[in-house]
Amino acid sequence: MNLVAMMSMDGVAWRGFGYTILILHFVFVCHFLLLQPLVSASDAEAGNAAELFERASQSIKLKRYSDALDDLNAAIEADPFLSEAYIRRASILRQLCRYDESEKSYKKFLELKPGHLTADKELSQLHQAQNALDTALTLLDSGDYAKSLEYVDKVVLVFSPACSEAKLLRVKLLLAVKDYSSVISEAGYILKEDENNLEALLLRGRAYYYLADHDVATKHYQKGLRLDPEHSQLKKAYFGLKNLLKKTKNADDNASKGKLRVSVEDYRAALALDPDHLAHNVHLHLGLCKVLVKLGRGKDAITSCNEALNINGELLEALVQRGEAKLIVEDWEGAVEDLKSAAEKSPQDMSIREALMKAEKALKMSKRRDWYKILGVSKTASVSEIKRAYKKLALQWHPDKNVDNREEAEAKFRDIAAAYEVLGDDDKRSRYDRGEDIEDMGMGGGGGGNPFSSGGQQFSFHFDGGFPGGGFDGGFPGGGFQFHF
């Protein structure tokens, strides 16, 4: 009995011992599985921080600044005394113009490494860049774009070359100073880094717009609006361009259909939409000038053509149209000057040469005596109207009837005779109207000297019905007379 009891007790003991071993083994496994990583992490903090720092360095070389910052933050968390991580992080943040964060990181580094010359220098550069950016923004608001651009280029982007805000500010300033090619280039670099940058899309679209490349501008606006349909500036730019193109088309269509007065209003409405859009407005000014020439509104046409030529001095058609407009206002010399210049630029254009010949003829005719004006008749006056005017004026200015102002009367009488000598002859009148040079057609009457002297011009006066009122003292035969000087 005692033996059995002893054996029973030994079995219980052995089972208890086995359970104890099992429990201890379980605890050991749990310890290994749960606690060992923590112990390993603690033991390997320096190694992990170094690896993270090295990976961040590689990301910086590739300009993957976001990844670099993530790794540097992790390295600092793993080893709060890793000073190089602080200064490297501060440098990246400065380049990204995250100045407040950068300054905190520099100061933490200087706590670990007091008096560090490089850190002190970079912190000074940070302050310079931050102040320059603030100044550039102030200058932008005041309209001093060139000075603002100088601060951005010479300070901000020198110490913060990866600063997106400064890059976009630079593009805005380039647009403001009308350097559209640079806007396209610089905004393109931004879009390579971030193809969905709405502000870069807007600015690049505007540059294409001001270069009158409206199709490409529209594509930029549309892409931006697909990303953000409610973007106010993109909407304004897109619908503004659509409205401009619509009004321009209306003006051109009405001009081609002969609705000239309506077309004038359309052109002016289109010009009012964006006075700064010179690359497009030059064609609107030209279109308006052409319509005004057709309407015979020479003075207004000259103004419109001047606007076009102020934008583009080499615009040949504007030069030609201005010459035509000057003909309307009888600026003969100005018309010849413009058309001669146009002919020199395009010597093969026969239409320009014809216009020049017309202007030269008009100039030549303008320098002749205006016989119609002297007789006080229109250029469409009939033969009888010319004869009546001639008789009336000959009686009025006959020297014998103007004793007190004989010299003036002689000059007037001579001009009247010369005028009738041409206009009273159908052939001479026709040739005169065509602007031809005609010998012995009375043009010499404008010369000096006394025409009543023996050396003067000889004129023949013919009156079919005699002078009214019985003629001059001494009388003339009632059936007509002829006298010579």
Side-chain angles (χ1 to χ4, degrees), residues 208-215 217-218 239-363 365-366 379-380 435:
Y208 278 114
Y209 165 79
Y210 281 118
L211 290 172
D213 194 342
H214 295 142
D215 289 340
T218 298
F239 289 109
L241 175 53
K242 285 190 67 175
N243 189 32
L244 175 64
L245 295 178
K246 180 180 178 181
K247 288 190 179 298
T248 300
K249 186 176 186 304
N250 287 342
D252 291 339
D253 288 347
N254 283 322
S256 64
K257 292 175 182 176
K259 298 178 180 179
L260 302 183
R261 288 178 174 79
V262 176
S263 179
V264 168
E265 297 306 315
D266 288 337
Y267 278 122
R268 286 177 172 164
L271 284 165
L273 290 176
D274 188 354
D276 294 329
H277 192 358
L278 302 184
H280 183 69
N281 290 350
V282 64
H283 302 295
L284 294 176
H285 285 301
L286 175 59
L288 179 57
C289 176
K290 291 165 69 175
V291 172
L292 290 168
V293 167
K294 290 179 181 178
L295 287 170
R297 293 165 57 178
K299 185 177 179 180
D300 292 337
I302 290 171
T303 299
S304 292
C305 277
N306 283 342
E307 293 287 351
L309 288 166
N310 287 340
I311 297 171
N312 181 0
E314 299 300 314
L315 192 58
L316 183 65
E317 194 171 4
L319 195 60
V320 173
Q321 289 297 316
R322 189 174 70 176
E324 296 283 3
K326 288 180 178 179
L327 286 175
I328 295 172
V329 299
E330 299 185 357
D331 177 7
W332 316 119
E333 292 183 353
V336 169
E337 182 181 357
D338 281 350
L339 292 167
K340 184 177 289 186
S341 177
E344 290 171 356
K345 294 175 185 293
S346 182
Q348 304 303 319
D349 193 321
M350 294 308 299
S351 64
I352 295 177
R353 297 200 66 81
E354 289 173 4
L356 174 59
M357 291 172 64
K358 181 175 72 173
E360 289 175 335
K361 179 180 176 181
L363 174 60
M365 291 178 67
S366 72
K379 293 182 179 181
T380 58

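Computed from a prediction, not measured in an experiment: that's the story for all the values here.
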Task: Flag side-chain contact, heavy atom, 4.5 Å: Arg268 against Glu265 - done: yes
Task: Nearest non-hydrogen partners of Lys247 and Ala270, listed with the distance - done: CB-CB, 4.1 Å
Open item on the list: On a heavy-atom basis, which atom in Val291 and which in Tyr267 lie closest, and how many Å separate them?
Closed with: CG2-CE1, 4.0 Å
- [ ] Could you tell me which non-hydrogen atom of Asp274 sits nearest to which non-hydrogen atom of Tyr210, and how far apart they are?
- [x] OD2-OH, 3.4 Å
TODO: Going by the side-chain contact (heavy atoms from CB on, under 4.5 Å) test, name the single residue among Cys305, Ser346, Ser341 that passes it with Leu319.
DONE: Ser341
Task: pair His214-His280: side-chain heavy atoms closer than 4.5 Å - done: yes
Task: Lys358 with Glu324: basic N within carboxylate O range, under 4.0 Å - done: yes
Task: Atom pair CG (Leu245) and CG (Leu273), whose distance is rounded to the nearest 0.5 Å - done: 10.0 Å
TODO: Specify the closest pair of heavy atoms between Ile311 and Leu278, including all atoms of both residues, with the distance to one decimal.
DONE: CG2-O, 3.7 Å
- [ ] Identify the residue among His285, Glu317, Gln321 that makes a side-chain hydrogen bond (donor to acceptor under 3.5 Å, both in side chains) with Lys290.
- [x] Glu317
TODO: Check whether any side-chain heavy atom of Ile352 lies under 4.5 Å from a side-chain heavy atom of Leu316, and answer yes or no.
DONE: yes
Task: Point-to-point distance, once rounded to the nearest 0.5 Å, from CH2 of Trp332 to CG of Leu363 - done: 9.0 Å
Task: Student check: side-chain heavy atoms of Val320 and Asp349 closer than 4.5 Å - done: no
Open item on the list: Under the side-chain contact (heavy atoms from CB on, under 4.5 Å) test against Arg322, which residue among Leu339, Thr303, Asn306, Leu315 passes?
Closed with: Asn306
Open item on the list: Please find the pair of heavy atoms, one from Cys289 and one from Ala301, that lie closest to each other, and give the distance.
Closed with: SG-O, 3.2 Å
TODO: Could you please spell out the steps behind the side-chain hydrogen bond (donor to acceptor under 3.5 Å, both in side chains) verdict for Thr248 and His283?
DONE: CA-CA 10 Å; Thr248 300; His283 302 295; over 6 Å; no
Task: Non-hydrogen atoms of Lys340 and Leu356 that approach each other most closely - done: N-CD1, 3.6 Å
Task: Heavy atoms of other groups near Glu360 CD, more than 12 under 6.0 Å - done: yes
- [ ] Check step by step if side chain to side chain contact (heavy atoms under 4.5 Å, CB included) holds for Asp300 and Val264.
- [x] CA-CA 11 Å; Asp300 292 337; Val264 168; over 6 Å; no
Open item on the list: How long is the straight-line distance from CG of Asp338 back to CD of Glu333, given to the nearest 0.5 Å?
Closed with: 12.5 Å
- [ ] First locate atom CG of Leu292, then atom NZ of Lys299, and finally report the distance between them rounded to the nearest 0.5 Å.
- [x] 13.0 Å
Task: Spacing of Glu314 atom CD and Leu309 atom CG [to the nearest 0.5 Å] - done: 9.5 Å
- [ ] Go through the steps for Asn254 and Asp266 under the test side-chain hydrogen bond (donor to acceptor under 3.5 Å, both in side chains), then give the verdict.
- [x] CA-CA 8 Å; Asn254 283 322; Asp266 288 337; 2.6 Å; yes
Task: More than 12 heavy atoms of other groups within 6.0 Å of Lys345 NZ - done: yes
TODO: Kindly indicate whether the side chain of Tyr209, heavy atoms from C-beta on, has any atom under 4.5 Å from the side chain of Leu244.
DONE: yes
